There are 2 protein chains.
Amino acid sequence: MTPVPPATVARLPIYLRALDELVGRGTPRTSSGELAALAGVGPAQLRRDLSYLGSHGVRGVGYEVAHLRAQVAAALGLTRDLAVVIVGVGNLGQAFATYVQDYEADGGQGFRVAALLDAAPDVVGTRVGHLVVEPAASLEDVVAREGATVAVLATPAGVAQEVADRLVTAGVRSILTFAARVLRVPDGVDVRSVDLARELQILAFHQQTRSATT
Amino acid sequence: MTPVPPATVARLPIYLRALDELVGRGTPRTSSGELAALAGVGPAQLRRDLSYLGSHGVRGVGYEVAHLRAQVAAALGLTRDLAVVIVGVGNLGQAFATYVQDYEADGGQGFRVAALLDAAPDVVGTRVGHLVVEPAASLEDVVAREGATVAVLATPAGVAQEVADRLVTAGVRSILTFAARVLRVPDGVDVRSVDLARELQILAFHQQTRSATT
DNA sequence: TTCTGTGAACACGTTCACAGCC
DNA sequence: GGCTGTGAACGTGTTCACAGAA
């Protein structure tokens with residue numbers, strides 16, 4: 001019933017944010033042109049994307065903001081809150097933990113930071129926001145206790161695969177990793193990778209071609 | 001002379017890392033099969049991607065690791081070091097500054113953290129690694145002084161557009177932003193966005209469809 | 001009319017399968 | 001024989017342009 005293409009899924013969060021912007025302004029109705037401009041895409045693409053979620057606009061009029069926001073949120077599965085476990089509370093893990101806790105506090109739906117884990121004894125026991133860091137050794141217990149199905153991997157690259165294996169065995173089905181490693185996971189487990197060096201290198205490529213042309 | 005498709009450019013950093021792995025092992029030669037496995041792609045895709053950089057393999061034999069690594073690095077423009085300015089030294093900015101400084105120390109080529117900037121008076125003057133945080137007010141001076149063409153935007157979302165405008169005016173041509181905002185920039189300026197809430201929401205979508213199917 | 005929803009055309013990306021060279 | 005490089009087939013994603021509903 002829902003063959004939403006991956007490219008469309010990747011844009012839904014952007015539309016959600018654009019709709020929140022309109023909600024904040026108190027705008028009750030919008031058009032594909034306005035929404036597309038806010039999202040930084042073309043109007044045709046926006047209409048095509050929304051069409052995969054069903055018809056929620058009115059021809060000749062546009063979209064009702066509140067209704068559409070609810071549809072997009074529902075399509076993304078943000079109706080219930082998923083428990084997220086963060087492994088690795090170094091700079092990045094801490095930044096991410098704070099980020100998601102702020103997101104929750106802001107009324108952001110869909111997630112809840114359930115636990116923080118780290119292997120370093122001097123980090124275990126420290127607080128980040130409203131949570132205390134627990135030892136990495138109890139990873140399996142913590143995942144089970146919280147019923148966590150989503151994990152954020154912010155450990156050193158060297159242990160990332162090992163930690164991922166343990167997370168998957170413990171029941172995690174989605175991993176967001178910051179480690180610059182290709183993770184091997186079984187079918188049915190979803191991995192998304194945020195690789196900072198990679199982003200910079202892609203920018204470097206474009207600078208080079210630009211200076212070559214100019 | 002170099003119409004390397006965007007999708008290929010996005011994978012070159014992964015190949016570069018796989019090649020570094022082989023260099024580390026002391027492997028002198030490799031094949032599309034081995035390299036593709038390390039990079040997590042198919043062999044045909046790897047060969048196609050490399051073909052855009054020219055022919056650097058030997059039929060019936062494979063690729064010489066050191067040579068290929070140099071070719072990929074050159075294609076990415078990692079021969080000279082670009083000066084990177086980081087604006088916003090909160091949790092994320094700090095994490096990123098540390099990350100890139102470690103990358104440099106590790107022999108990672110292509111970048112050098114040139115300066116850190118923040119608007120908060122109590123952050124200005126603090127050290128992160130080998131750099132002291134400077135006031136955001138002197139953004140233009142700092143970009144000029146360092147000849148920075150790359151910036152990382154890790155400020156609150158509310159000021160992201162304004163800071164981006166100032167960066168571009170000051171001469172920055174590539175921006176990596178962590179702010180959950182669509183940035184408007186003139187043609188010729190390249191923006192890449194890392195959006196953490198978006199990544200989690202995409203994971204949430206897939207969890208939902210998976211539980212629906214199962 | 002106005003603006004959505006969508007068939008059809010197009011562009012881009014991936015994979016297959018094999019010709020070509022070591 | 002073995003592995004690269006690539007034409008051709010295929011699949012995915014984007015855009016155009018218009019039919020259709022309010």
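Below, each value reflects all heavy atoms present in this structure, side chains not excepted, and no hydrogens, waters or symmetry copies. Below, read A as the first sequence line, B as the second, and so on, with proteins coming before strands; counting in each chain starts at 1. Quick caveat: nothing in here was measured; it's all calculated off a predicted structure.
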_Centroid-centroid under 6.0 Å between B/F96 and B/F178 rings_ =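 Aromatic pair counts; centres sit under 6.0 Å.
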*Is the number of heavy atoms from other residues, nucleotides or ligands under 6.0 Å of A/R184 CZ greater than 12?*
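It does not: A/R184 CZ has 12 such atoms or fewer within range.
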*How are the rings of A/H56 and A/H67 set relative to one another: parallel (under 30°), tilted (30 to 60°) or perpendicular (over 60°)?*
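Ring orientation, 0 to 90° scale: tilted.
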_N/O (side chain, A/S31) to phosphate O (OP1/OP2, C/dC3) under 4.0 Å_ =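 For A/S31, the contact criterion (side-chain N or O under 4.0 Å from OP1 or OP2 of C/dC3) is not met.
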*Report yes if a side-chain nitrogen or oxygen of A/S32 is closer than 4.0 Å to either non-bridging phosphate oxygen (OP1 or OP2) of C/dC3; otherwise report no.*
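Answer no for this pair, as no side-chain N or O of A/S32 is under 4.0 Å from OP1 or OP2.
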*Atom OG1 of A/T155 and atom CZ of A/R181: how far apart are they, to the nearest 0.5 Å?*
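A/T155 atom OG1 to A/R181 atom CZ measures 9.5 Å (nearest 0.5 Å).
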*Distance-only donor-acceptor check, side chains B/Q208 and A/R80, under 3.5 Å*: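 Absent: no donor and acceptor within the cut-off.
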*asked:* Which heavy atom of B/A74 sits nearest to which heavy atom of B/T79, and what is that distance?
replied: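 So the two residues come closest at CA-CG2, 4.2 Å.
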*Closest approach of B/L19 and B/V65, non-hydrogen atoms and distance?*
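Minimum heavy-atom separation between B/L19 and B/V65: O-CG1, 3.9 Å.
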*List the protein contact pattern of nucleotides 10-17 of chain D with one symbol per nucleotide (5' to 3'): B for base contact, S for sugar-phosphate-only contact, - for none; contact means a heavy-atom distance under 4.0 Å.*
---SSB-B
Might you list the N or O atoms of the protein lying below 3.5 Å from N or O atoms in nucleotides 20-22 of chain C, with each pair's distance?
| from | atom 1 | to | atom 2 | distance (Å) |
| --- | --- | --- | --- | --- |
| C/dG20 | N3 | B/R59 | NH1 | 3.3 |
| C/dC22 | O4' | B/R59 | O | 3.3 |

*When you look at A/L50 and A/L68, which way does the side-chain contact (heavy atoms from CB on, under 4.5 Å) test go after all the steps?*
CA-CA 9 Å; A/L50 294 183; A/L68 187 57; 3.8 Å; yes
